[in-house]
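Below is one structure, written out as structure tokens, with a few remarks after it.
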Amino acid sequence: MASPNSYKLSCSIPGHEMDVRGLSAAFFPDGAFVSVSRDRTGRVWVPNSSPDRGFTEMHCMTGHQNFVSCVCIIAPSDTYPRGLIATGGNDHNICVFTLDQPQPLFTLKGHKNTVCTLSSGKFGTLLSGSWDTTAKIWLNEKCMMTLQGHTAAVWAVVILPEQGLMLSGSADKTIKLWKAGHCEKTFTGHEDCVRGLAVVSDLEFFSCSNDTSIRRWLVTGECVQVYYSHTNYIYSLAVFPNGQDFVSTGEDRTLRIWKQGECQQTIRLPAQSVWCCCILPNGDIAVGASDGLIRVFTEVEDRMASPQDLQAFEDELSKTTIDPKTGDLGDIKMEDLPGRDHLDEPGNREGQTRLIKEGQKVEAYQWSVADSRWMKIGDVVGGSNQQTSKKVNYEGKEYDFVFTIDINEGGPSMKLPYNVTDDPWLTAHNFLQKNELSPMFLDQVANFIIENTKGHTLGAAPPSAADPFTGTGRYIPGSGTPTGAPVGAADPFTGVTFACLLLFPGGGAYSSAASRQTSTNIYFPKTDGVTFEQANATQIMAKLRELNGGAPGEYRLSEEVLGSLEKLLVSVCDPCASEQPTTEQISLLWKTSHWPEDIVFPVLDILRLAVRHPQVNESLCGGDADNGVALCNHLLSLMKPQARPANQMLALRTLCNCFSGWRGRALLLAQREAVLSHAADLCSVCNKNIHIALATLVLNYAGSLHGQPDLEAKAQCLSVASAALESVQDKEAVFRLLVALGTTVASDQTAQDLAKSLGVTSQIAKYTSVTDPAKVGECCQLVLKELQ
């Protein structure tokens, strides 16, 4: 029998199709809670009375155009006696729902980047935090105040019980206390991003961080206690009603239960990222993870899962694979490990980990104080002995490590190969240059390498994030941070990705990720245009001025013209800009875009950004019919196979961005045959960024043609997509081509028959097994299903 202080699985709740990113206990109905997910939905769960003691989905909310990142409950009021549900998403919006409708009651707009945290207070007050480095206070559907002061993403916010006091935690490693819109105090102590905050009382609060620590603070500024137990990023905290005990979750696959200042219990989950947790009214704990499941744990025996379901959970956990490079198990040498008899000795603390050698495998076990036994938590892969005897093959070369790097949620993953004899700073520089990322990420990437290779490095770290060769940040065409979001506002690098084998053939209250089939197609048809938004106006203008200084006399621009172009760039990059592009500025941009091909790329970068603006789109794409044709012809001339790669890429991206306005769409549909023919000529160019832009162009055409009877146009889309798939290697480009195929054939039997006749089915079948990134395999399976 379990100890009364030991939490066990109560139930496992399937329903979401992607990571569960936020949870919150609800005021109504009794015992209910709300979850939000990367699948763009929010769901309300209510306890059911069936023998499996599970939860039933009562309500599903939609309204976000991208991943949903966070949720909170707005307390009941006279107007809304059952309260309201607020959700924040990667579409920069906050949606507010009732329990009566699946669509938002209203939407709050104002943030310039992902809304990743929400907290509610008295009188319907709502506090939001965003990757745009700000927090905002909302009341009665309006933004009442913007809290500015952090220098990186605001990952966590809470409203303290005392009216008017608010807290924000940031990727700049600080916590700020706000009163009446002013920063009253800044708390320092964490050594990495602050990811979560939780209120203890009017005078105290908890914080958690990527530095693996939890801190307890007084609002007066003192840190009164630091808690250590996690071995990787800590993402969320929730406090029990007694105000002393709490729970935490993180990237080390665990839920940890803290009582009387100590980690009393560690529960491992068969998912890499345990994103969120909340305490339910009955004291049970709900957690959401990267496998799309919600799991509820209880210490009340009557609410525990059946012995069969508990065993199923333990079996699934034992089948997962653990990569020691995630920082959980330390350096491993198989020859030094003991055998199974080592498990005859009892552990000496809750959650203690022990590794044993079983044949040619390394198995990991965790000590359970409550059950007085060792529980298998997975098979270890990639130990140090394997790193020396069996390297990882990548692009024809062998490496000690090949990391998977995510720059932001939903964006393409990138591979970072590394040998322990390499200089991490040089490796980081080469990685950024190869992937055309901002050199301002240098410090972050290098430190990531050092941390995840156990410090096996050469040389000392440079003192700043400057380019190690030039000492300054280098301009890269088409690159930069999203408008309004400084470096550090993007989702942090999450590190190594590893696969989990999740098998469970049974039923009952328990469900594993592998036992579910994706039923929701979130990939296609995609009818809204995909654009290239990233910009760094300062670097673009600096490069333009630099090249202008050496330009031939007849092309050299005056300072007045440069100033006009800079004003145009600022106005098209800032949606809140008071000044709109003028006819003169647009004319200067068009004229300057005809600079010599060896120096024109920063001008093309401005053009790429400008055509997203309605006024520029109208003028260049169709204000005069000849203007639109001239723009197309000019861009196509820059896309010739022998042209410069930077110009080819920026011309393709500009064409993609033309789809953001109706004039641009009309122009490109009219010029479709010529545009796609020229684009197809670039399939054989060995440049991943050109391939991604090419795939995006095909996708935008497919979206514009969806639901239209133009079979000839769809046939060209299918043909170009099929030709591109013959030579494209980059997985993000492949994914976008698969979405283009799915969009073209969705609900169109004639297009489906044409695709099958072109051999698309056999051509894409090889992508069904791709798991990194998973969206490639998932999308491919859905396309094949459409073509059955």
When you compare the side chains of [X] and [Y], does any donor N or O come within less than 3.5 Å of an acceptor on the partner?
| X | Y | value |
| --- | --- | --- |
| Asn90 | Ser69 | yes |
| Ser229 | Arg256 | yes |
| Asp245 | Trp258 | no |
| Arg43 | Thr41 | yes |
| Thr56 | Asn48 | yes |
| Ser170 | Trp155 | no |
| Thr249 | Ser236 | yes |
| Gln103 | Thr62 | yes |

What do you reckon, is [atom1] of [X] surrounded by more than 12 foreign heavy atoms closer than 6.0 Å?
| X | atom1 | value |
| --- | --- | --- |
| Asp30 | CG | no |
| Gln101 | CD | no |
| Gln311 | CD | yes |

request  = In sequence, state the C-alpha distance, the side-chain angles, and the governing distance for Lys319 and Glu363, and then conclude on salt bridge (Lys or Arg N to Asp or Glu O under 4.0 Å).
outcome  = CA-CA 10 Å; Lys319 291 184 175 73; Glu363 296 180 346; over 6 Å; no
task = Look at the side chain of Glu57 and the backbone N and O of Val44, then say whether any donor-acceptor pair between them is shorter than 3.5 Å.
result =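 The answer is no, because no donor-acceptor pair under 3.5 Å joins these two groups.
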query = Given the side-chain rings of Phe240 and Phe246, with only the six-membered ring counted for Trp, is the space between their centroids under 6.0 Å?
reply =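 Not under 6.0 Å, so no.
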inquiry  = Salt bridge or not between Glu314 and Arg373? Use side-chain N to carboxylate O under 4.0 Å.
reply    =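 Judged by the 4.0 Å cut-off on N to carboxylate O distance, Glu314 and Arg373 do form a salt bridge.
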inquiry  = Restricting to salt bridge (Lys or Arg N to Asp or Glu O under 4.0 Å), what partner residues turn up for Glu204, sequence neighbours left out?
reply    =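 Only Arg216 meet the salt bridge (Lys or Arg N to Asp or Glu O under 4.0 Å) criterion with Glu204.
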query = Sequence neighbours excluded, which residues qualify as salt bridge (Lys or Arg N to Asp or Glu O under 4.0 Å) partners of Lys731?
reply = none
message = Assess the residue pair Phe735 and Tyr523 against the criterion (ring pair (Phe, Tyr, Trp, His ring centres under 6.0 Å)); give the C-alpha distance rounded to whole Å, side-chain angles, the decisive distance to 0.1 Å, and a yes or no.
response = CA-CA 10 Å; Phe735 169 69; Tyr523 300 117; 5.6 Å; yes
Geometric cation-pi criterion Arg38 and Phe67, 6.0 Å radius, 45° cone = yes
ask   = Of the options His230, Arg195, Arg21, Glu251, which is the one that meets Tyr235 in a side chain to side chain donor-acceptor pair (under 3.5 Å)?
value = Glu251
[Y] and [X], any side-chain heavy atoms less than 4.5 Å apart:
| X | Y | answer |
| --- | --- | --- |
| Leu23 | Val34 | no |
| Asp284 | Phe33 | no |
| Ile267 | Ile257 | yes |
| Leu160 | Asp202 | no |
| Thr98 | Arg82 | no |

key: Evaluation steps, salt bridge (Lys or Arg N to Asp or Glu O under 4.0 Å), between Arg340 and Glu358   = CA-CA 7 Å; Arg340 182 166 292 277; Glu358 181 72 8; 3.3 Å; yes
ask   = In terms of the angle between their ring planes, are Phe297 and Phe313 parallel, tilted or perpendicular, with boundaries placed at 30° and 60°?
value = perpendicular
key: Residue list, side chain to side chain contact (heavy atoms under 4.5 Å, CB included) with Gln781, at least two apart or on another chain   =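 Partners of Gln781 by the side chain to side chain contact (heavy atoms under 4.5 Å, CB included) criterion, ordered by chain and then number, come out as Thr768.
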request  = Go through the steps for Arg215 and Glu191 under the test salt bridge (Lys or Arg N to Asp or Glu O under 4.0 Å), then give the verdict.
outcome  = CA-CA 12 Å; Arg215 289 174 176 259; Glu191 297 176 0; 5.6 Å; no
